[in-house]
Amino acid sequence: MNSRAHESEDLILKFNMETQTEKQNKYLEQPKERISGSEAVVRSLLAEGVDVLYGYPGGAIMPVYDELYKYQDEIHHVLTRHEQGATHAAQGYARISGRVGVAIATSGPGATNLITGIADAQIDSTPMVCITGQVPSHLLGSDAFQETDIVGISTPVTKWNHQVTSAAEIPEVIAKAFYIAKSGRPGPVLIDITKDAQFEEFDFEYKKCEGIRSYNPVPKTDQASVVAAAKLINEAKKPMIIWGQGVILGEAEKEFKAVIEKAGIPSAWTIMGVSAIPTSHNLNIGMVGMHGNYAPNKLTNECDVLIAIGMRFDDRVTGDLSRYAKQAKVIHFEIDPSEVDKNVKTDVAVLGDAKTSLADLLPLLNENSHPEWLQEFKDLYAIEYDQVIREDITPTRDGLTMGEVLNEINIKSKGKAAIVSDVGQHQMIACRYAEFNETKSNITSGGLGTMGFALPAAIGAKMAAPQRDVVAIIGDGGYQMTIQELGTIFQTKVPVKIVVLNNEFLGMVRQWQQLFFDKRYASTEMTNPDFITIAKGYHIEATRVTKREELADAVAKMMASDDAYFLEVCVEKENNVFPMVPSGASVSDIRLS
């Protein structure tokens with residue numbers, strides 16, 4: 001590792017080693033002091049234990065950046081190359097750490113460039129606080145230079161937002177923002193601060209927010225509903241669990257594992273829930289959804305009790321709702337009341353935090369096993385393995401497949417790497433074939449499906465967990481949407497591993513065009529640049545693989561590197577991802593080819 005890489009990793013470790021509690025106490029215990037609004041922003045972030053934030057400076061936020069410069073030994077600012085990159089990096093940081101990610105930008109285009117990442121965080125329940133600068137308050141509504149109503153624009157995609165026009169508001173608003181972002185079902189919050197409020201002085205004092213009137217982020221669990229759920233589960237002959245990210249967000253992995261093992265229930269995951277239990281667990285039956293595994297999709301329509309835990313019955317999971325699990329009693333464990341009965345009618349709803357409600361459920365469950373029912377999943381898996389999986393991970397044809405690349409990464413990482421995937425065919429392949437042996441190991445854009453997510457998100461993930469290998473799996477299309485963040489990697493020397501699976505197509509769209517539009521490949525074929533030369537231009541070591549015999553050594557070299565590394569693998573151009581539930585079809589209609 002070169003000296004600059006050592007310095008960068010030391011810097012990351014330095015900010016991660018000082019505990020959140022120590023930093024908070026340092027700034028919570030200070031007496032009142034007259035300071036500017038901009039300094040209050042920085043001190044408030046420190047009081048919340050923020051060690052890293054991602055952003056891009058500009059005129060309307062410049063006073064805050066001036067204070068960040070003064071506090072650079074206590075809070076680390078990462079200059080991304082685009083504001084969207086800042087939000088995705090903050091998301092990656094939050095998803096792997098469980099803490100609140102922070103992004104910062106100026107007014108106007110700086111603020112609007114945050115919106116995609118904010119919308120992504122909203123639908124994927126990622127805790128994030130975004131701070132934007134705004135024109136002086138006397139210019140609001142005048143169409144001043146770089147004025148945009150970011151509060152109005154962001155309202156549909158934030159959990160809460162607020163415009164600050166007085167410095168005295170800053171500490172209370174920031175405290176409230178962090179509380180809202182992290183509590184209950186997490187989500188993004190935006191704070192817009194006028195420039196005059198940043199300059200204005202006031203007597204600063206910081207108090208943590210412990211609650212907000214009329215805001216009840218965690219509904220109280222009704223014990224009668226827990227008892228009713230336990231009764232249905234105990235009486236079930238063919239129970240099935242589908243779990244989502246709520247298990248991970250609620251830090252309920254231990255309780256979840258205890259429940260499924262005691263009751264012996266086959267359990268499937270959404271792409272946001274994967275890694276809550278190891279891939280190899282005997283009751284882990286795979287992924288549900290459009291490109292999920294054959295068995296859990298088919299048998300959703302044969303189970304007698306369907307238990308949903310921390311998932312929202314997304315359309316990619318359910319397919320045609322009129323033909324979804326109609327034979328089953330449905331139990332829904334959920335923290336957000338608005339999700340209950342929204343898409344799928346439930347027989348028993350258990351509201352509350354997953355950790356608490358599963359702990360309440362556990363003693364009420366009978367020790368059980370369902371060997372014949374579990375065998376049905378195994379039998380269907382064998383069919384999928386013979387018709388799809390074997391050829392995906394150990395192909396007999398000449399062309400390289402995405403699946404065999406993931407398989408090689410599994411071998412070299414022993415399933416311990418955090419996988420940050422972009423959006424497309426490679427995302428589905430990564431979710432299907434990556435081994436996840438640690439929680440918070442799958443970081444992807446689930447609900448919004450944001451191409452360009454992975455590269456900046458991998459930066460944030462690696463900075464939050466420097467001890468872990470972080471591997472970004474990206475398609476050639478999504479890679480070019482945020483390729484400029486290679487500059488952030490070069491400047492910070494964050495040692496992320498970047499794998500581009502290059503099929504010279506927008507692969508998922510091309511697959512649909514092949515299957516449903518008579519192979520009319522309208523605007524999906526890519527004429528790509530020399531990715532190796534680009535990586536080397538940012539002083540990132542790079543390798544291209546075009547032959548199978550080169551793959552194992554190339555992956556081994558990448559995983560062994562102490563620095564950032566770029567690996568391009570040229571895969572088959574027209575390979576498809578199966579199984580597949582066609583859009584609008586029932587999950588029972590899942591196709592193997």
Side-chain angles (χ1 to χ4, degrees), residues 120 271 287 289-293 316 384 387-389 391-393 395 397-409 419-434 442-455 457-458 471-483 498-532 534 544-548 551 555 566-583 590-593:
D120 195 285
I271 66 168
M287 180 170 75
M290 180 172 281
H291 290 287
N293 292 102
R316 281 296 199 261
E384 181 184 350
Q387 296 189 33
V388 178
I389 297 171
E391 190 63 16
D392 272 351
I393 61 176
R397 54 195 191 272
D398 291 337
L400 283 162
T401 67
M402 296 182 184
E404 65 183 308
V405 178
L406 266 297
N407 191 49
E408 197 61 48
I409 291 171
I419 302 296
V420 185
S421 58
D422 213 78
V423 172
Q425 288 182 314
H426 61 278
Q427 177 190 33
M428 296 296 99
I429 291 292
C431 290
R432 283 176 55 80
Y433 295 125
N442 180 51
I443 300 167
T444 194
S445 173
L448 197 64
T450 303
M451 292 177 67
F453 172 87
L455 186 61
V471 182
I473 306 293
I474 317 177
D476 48 308
Y479 182 55
Q480 293 177 82
M481 286 193 170
T482 51
I483 195 171
I498 307 158
V499 180
V500 167
L501 302 177
N502 184 0
N503 59 10
E504 299 181 333
F505 266 108
L506 298 176
M508 188 61 83
V509 184
R510 184 214 55 77
Q511 176 169 334
W512 281 54
Q513 289 172 333
Q514 177 185 336
L515 298 176
F516 309 116
F517 293 89
D518 297 325
K519 293 189 176 182
R520 292 188 295 275
Y521 295 156
S523 302
T524 48
E525 190 164 9
M526 304 282 287
T527 300
N528 290 321
D530 185 337
F531 292 132
I532 301 300
I534 292 172
R544 177 184 291 118
V545 170
T546 59
K547 299 176 182 177
R548 181 163 291 118
L551 181 62
V555 172
F566 175 81
L567 177 63
E568 177 187 6
V569 184
C570 299
V571 297
E572 290 180 324
K573 292 186 68 171
E574 296 185 64
N575 193 22
N576 291 329
V577 182
F578 287 104
M580 180 179 183
V581 179
S583 181
I590 187 169
R591 297 170 50 173
L592 290 171
S593 62

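Since the model is a prediction, treat every value here as computed from it, not as a measurement. Heavy-atom basis, side chains included; hydrogens, waters and symmetry copies ignored.
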Original post:
Would a distance-only check, ignoring hydrogens and angles, find a side-chain to backbone donor-acceptor pair under 3.5 Å from Gln480 to Asp476?
Top reply: yes
Original post:
Hey, does the side chain of Thr401 reach the backbone of Asp392 with a donor-acceptor pair shorter than 3.5 angstrom?
Top reply: yes
**OP:** Flag the pair Arg432 / Val388 as yes when at least one side-chain heavy-atom distance between them is below 4.5 Å, and no otherwise.
**Re:** yes
Original post:
How long is the gap from OH on Tyr479 to CE on Met526, to the nearest 0.5 Å?
Top reply: 12.5 Å
Original post:
Where is the tightest heavy-atom contact between Val423 and Gly449, given as atom of each residue plus distance?
Top reply: CG2-C, 3.5 Å
Original post:
So does Tyr521 have more than 12 non-hydrogen atoms from other groups sitting under 6.0 Å from OH?
Top reply: yes
Original post:
If you round to the nearest 0.5 Å, how far is CD of Gln427 from OG1 of Thr444?
Top reply: 3.5 Å
**OP:** Taking the side chain as every heavy atom from C-beta outward, state whether Glu391 and Asn575 have any atom pair closer than 4.5 Å.
**Re:** no
Subject >> Phe531 to Phe566 - nearest heavy-atom pair and separation >> reply: CB-CZ, 3.6 Å
**OP:** Considering non-hydrogen atoms only, spot the tightest contact between Leu400 and Val569 and give its length.
**Re:** CD1-CG1, 3.9 Å
**OP:** Could you pull out the closest heavy-atom pair between Ala457 and Val420, with the gap in Å?
**Re:** CB-CG1, 3.8 Å
**OP:** Could you pull out all residues at least two apart from Arg591 that satisfy side-chain hydrogen bond (donor to acceptor under 3.5 Å, both in side chains)?
**Re:** none
Subject >> Candidate pair Met428 and Met402, rule side chain to side chain contact (heavy atoms under 4.5 Å, CB included), full reasoning >> reply: CA-CA 10 Å; Met428 296 296 99; Met402 296 182 184; over 6 Å; no
Subject >> Set of side-chain hydrogen bond (donor to acceptor under 3.5 Å, both in side chains) partners for Asp518, sequence neighbours left out >> reply: Arg520
**OP:** Please answer whether the main-chain N or O of Pro579 pairs with a side-chain N or O of Glu384 as donor and acceptor at a distance below 3.5 Å.
**Re:** no
**OP:** For the pair Asn502 (side chain) and Cys570 (backbone), establish whether a donor and an acceptor sit closer than 3.5 Å, ignoring hydrogens and angles.
**Re:** no
**OP:** Would you check if Val405 and His426 make a side-chain contact, meaning some heavy-atom pair closer than 4.5 Å?
**Re:** no
Original post:
If you take all heavy atoms of Ile419 and Ala430, which pair is closest and at what distance?
Top reply: CG2-CB, 4.3 Å
Original post:
Do side-chain atoms of Asn503 reach the backbone of Glu572 as a donor and acceptor pair under 3.5 angstrom?
Top reply: no
Original post:
Looking only at heavy atoms, which two atoms of Glu504 and Asn528 are closest? And how far apart?
Top reply: CA-ND2, 3.8 Å
Subject >> Nearest-0.5 Å distance, OG of residue Ser583 to CG of residue Leu515 >> reply: 12.0 Å
**OP:** Kindly compute the distance separating CG (Leu501) from CG (Leu406), expressed to the nearest 0.5 Å.
**Re:** 7.0 Å
Original post:
Looking at side-chain heavy atoms only, is the closest gap between Asn576 and Arg510 below 4.5 Å?
Top reply: yes
Original post:
What distance separates Ile474 CD1 from Met481 CE, expressed to the nearest 0.5 Å?
Top reply: 12.5 Å
Original post:
Looking only at atom types and distance, does a side-chain atom of His291 sit under 3.5 Å from a main-chain N or O of Phe578, one as donor and one as acceptor?
Top reply: no
**OP:** Evaluate side chain to side chain donor-acceptor pair (under 3.5 Å) for Gln514 paired with Glu574, printing each intermediate quantity in order.
**Re:** CA-CA 9 Å; Gln514 177 185 336; Glu574 296 185 64; 5.8 Å; no
Subject >> All side-chain hydrogen bond (donor to acceptor under 3.5 Å, both in side chains) counterparts of Arg316, not counting sequence neighbours >> reply: none
Subject >> Spacing of CG belonging to Leu551 relative to CG belonging to Leu567, to within rounding of 0.5 Å >> reply: 7.5 Å
